[in-house]
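Computed from a prediction, not measured in an experiment: that's the story for all the values here.
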Protein chains: 2
Amino acid sequence: MPSVRDIARMAGVSPATVSRAINNHPTVGKEVREKVISLMNEKRYVPSVGRRQITNIAFAYADDISLGSPFDAALMHGMSECMERFEFDLMVLDLKRVLQPHETYSQMFIRKGICGAVLRTSSQSKKVCERIAAEGFPSVVVGERFDNPLVNFIYADSRRSSREAVEHLINLGHRKIAVGLNVVEDSDHLDRLQGYKDALAAHQLSFDSRLVLQVPARRDGGEQFIRRLEVMPDRPTAVYLTDPVAAVAAMVEAQRRGMRVPHDLSIIGFDDAQLRFLTFPRMTAVCQDAREIGMAAFAALQSLIAEAKSTRRVQRVLGTEFEVHESTAVPPVLRHEGVSIAM
Amino acid sequence: MPSVRDIARMAGVSPATVSRAINNHPTVGKEVREKVISLMNEKRYVPSVGRRQITNIAFAYADDISLGSPFDAALMHGMSECMERFEFDLMVLDLKRVLQPHETYSQMFIRKGICGAVLRTSSQSKKVCERIAAEGFPSVVVGERFDNPLVNFIYADSRRSSREAVEHLINLGHRKIAVGLNVVEDSDHLDRLQGYKDALAAHQLSFDSRLVLQVPARRDGGEQFIRRLEVMPDRPTAVYLTDPVAAVAAMVEAQRRGMRVPHDLSIIGFDDAQLRFLTFPRMTAVCQDAREIGMAAFAALQSLIAEAKSTRRVQRVLGTEFEVHESTAVPPVLRHEGVSIAM
DNA sequence: TGCTTTATAGAAACTGTTTCAGAAACAGTT
DNA sequence: AACTGTTTCTGAAACAGTTTCTATAAAGCA
């Protein structure tokens, strides 16, 4: 584990200059700074205080929305639960705010005494994660999947469960099934769309893009979804909403407009917490365990930090579970034909 | 701002010993350690690295439940929003886990390079907060109120709003109103009970302790509440539940058991996020703004850190808001007498 | 008494950071 | 061409905290 003085010797400069490079002082020449930073990434420099190494782990997010949702809270919960046995401490960082102009991400992390980062991202900030990975800083992304082999990530793939969910609807007799997708096309929402398409294909049903409605992953998104659904000619009898809050809000909005759930409209939602038990009727949903993702992310990061080699990649895909509750039933049309109501 | 060497000189020991005292090395004598720690608290020692002062703020919680709830997520959201303009970073700490045997809290904070802490607590860990305050470490408690003049806190008093809420029920015609309290008797839950009593007293209604049900502040607590309500002789026509999740769960459970809300049972809940809009019907609720509390807590802590004097106290009480939505109506008895239904 | 063990603490060597001072390059003036 | 002043960049030194090695004093035991 090289020190600032080691890096200084390798770069042919003084320790003071290396320190200034880390801390983004404007008085350091561009070539010198770049040389120092790349050397530090290459040699896996970790800051210390005195003879003690600093061991902070960052929970870093790039979007304003990120902090404050139950998903993030559960992620942190899982992380901190795993961290108890280690001497790590958890720091919460807003990447956009802490990054100074002309500063590398590695540089910023080192400046803050961080030796590894769990990156919480959406599709909007995927580039940021790729850049951090390219810089060689130990990091694990949660919430997105990457084709880029350099990026480490823990990801819950909901395609299969989504297919199960939609097949459940098809088996109940639904033929016209709408999907509510996030306006931001994250990997996970696209997975869910794929699962939807898989189910249709498996049952020889054709895909109709008019049944895919993009709404914000918020309460008003779910409400908007139902309003748009209501004015559709030949209204769908079932829907799959891929965001927890939007799903619950849609269920509420449907009921507010006089539709009975699941009697008039079957709803499948998505849940990463306990929301599915807090609706009436209880919400049939595709479920992911955010706490488990947080725990897996920390475990991966920990092993990345432990092995000094930068070669290893962690690209782990967890599953999701489809849970049948009470917001799905036989569609109204079939019910007139004497089919028993499965509630 | 004294350095380790200054403290060492004052205590008549070497810098090495002071460092060991901070880091809880077992080789330091008891008297020496105590002398060093008390000197550091007295002289307001803040750790540095090189010539730069360390500026970490802790979000410290003492109960296992604490992290992971929307309330905590919203608190942190508010804090980090305020922190952006300052050079502070946010660290998340589990007080019980990070505290080493025979270690003072101040010592632990200093050891981790923390210059101030927002303490998230419930009544179970009030002693911890008082101890930290008594040690003189800059801290602000959220979520509890203290009589102890040493403790700084930001607190949302829900007594008045609770009284408004219960008076709303009384004005609708309810005479038998049950209350669901947390099994842990936090200040805020006791406030709500007081508000309930205030409302009864203002309307010359007598208080009946059998109408106060203590249930855990969780989903199953809300469910339990309804089950216990159902078997009561002369069942109450309205309830006030003082926890968000328990309130929503109770509403769902009531509906599952065939009670119509608000037709058969009026429900008032508590909300610190957006849950009241995610139920059908929308939940009439006493609301507190967790983000605002987080922001106020950070602001207070910031001013405590800025002024070196330890004399100032921050004991700020915010308000809550009572919001009428759709889960409250005229009780069934009156409805038979021809009173119009207010939904 | 003499030896060993234990508890305690200091000196020195090592982290990283900043202040002060200096070198080198460039521009403007005489 | 020579002098001055400014800007840009860097290094030496002085400072921050921590740990390893070493030393001392007290206690325990033969």
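- Considering only residues two or more places apart in sequence or on other chains, A/Asp186 meets the salt bridge (charged side-chain N to carboxylate O under 4.0 Å, His left out) condition with none of them.
- Interface residues of residues 26-41 of chain A facing DNA chain D, ordered by number: A/Thr27, A/Val28, A/Gly29, A/Val32; criterion, heavy-atom separation under 4.0 Å.
- Here B/Arg111 pairs with B/Glu103 under the salt bridge (charged side-chain N to carboxylate O under 4.0 Å, His left out) rule; sequence neighbours left out.
- A/Gln107 is linked by a side-chain hydrogen bond (donor to acceptor under 3.5 Å, both in side chains) to A/Asn24, A/Thr104, counting only residues two or more places apart in sequence or in another chain.
- Residue pairs meeting the ring-ring contact (aromatic ring centres under 6.0 Å, His included) criterion with at least one partner in residues 105-149 of chain B, sequence neighbours excluded, are B/Phe109-B/Phe137.
- Nucleic acid contact for B/Val18: none, since no nucleic acid atom lies under 4.0 Å from a heavy atom of the residue.
- Within the 3.5 Å criterion, the main-chain N or O of A/Glu135 finds a donor-acceptor partner in the side chain of A/Asn41.
- Here A/Arg316 pairs with nothing under the side-chain hydrogen bond (donor to acceptor under 3.5 Å, both in side chains) rule; sequence neighbours left out.
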Worksheet item: Taking only Watson-Crick and G-U wobble pairs with both distances under 3.5 Å, what dot-bracket line describes DNA chain C, where [ ] shows pairs that cross earlier ones and | shows pairs with another strand?
Response: ||||||||||||||||||||||||||||||
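- Not a single donor-acceptor pair under 3.5 Å links the side chain of A/Asn23 to the backbone N or O of A/His25.
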Practice prompt. Could you go through the side-chain contact (heavy atoms from CB on, under 4.5 Å) check for B/Phe71 and B/Gln288 one step at a time?
Written response: CA-CA 10 Å; B/Phe71 179 67; B/Gln288 90 182 2; 3.0 Å; yes
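- A search for salt bridge (charged side-chain N to carboxylate O under 4.0 Å, His left out) contacts involving B/Glu144 returns B/Lys126, not counting sequence neighbours.
- Among pairs with a residue in residues 45-61 of chain A, none fulfils salt bridge (Lys or Arg N to Asp or Glu O under 4.0 Å), at least two apart in sequence or across chains.
- Put simply, chain A comes within 4.0 Å of DNA chain D, heavy atom to any atom, from D/dC9 to D/dT20, going 5' to 3'.
- For A/Glu34, the salt bridge (charged side-chain N to carboxylate O under 4.0 Å, His left out) criterion is met by A/Lys30, not counting sequence neighbours.
- From B/Arg120, atom CZ reaches atom CD1 of B/Ile293 across 9.0 Å, with rounding to the nearest 0.5 Å.
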Can you give me the N/O atom pairs linking the protein to nucleotides 18-22 of chain C at distances under 3.5 Å, or say none if there are none?
{"from": "C/dT18", "atom 1": "OP1", "to": "B/Arg52", "atom 2": "NE", "distance (Å)": "3.2"}
{"from": "C/dT18", "atom 1": "O2", "to": "B/Arg51", "atom 2": "NH1", "distance (Å)": "3.4"}
{"from": "C/dT19", "atom 1": "O4'", "to": "B/Arg51", "atom 2": "NH1", "distance (Å)": "3.1"}
{"from": "C/dT19", "atom 1": "O4", "to": "A/Arg20", "atom 2": "NH1", "distance (Å)": "3.2"}

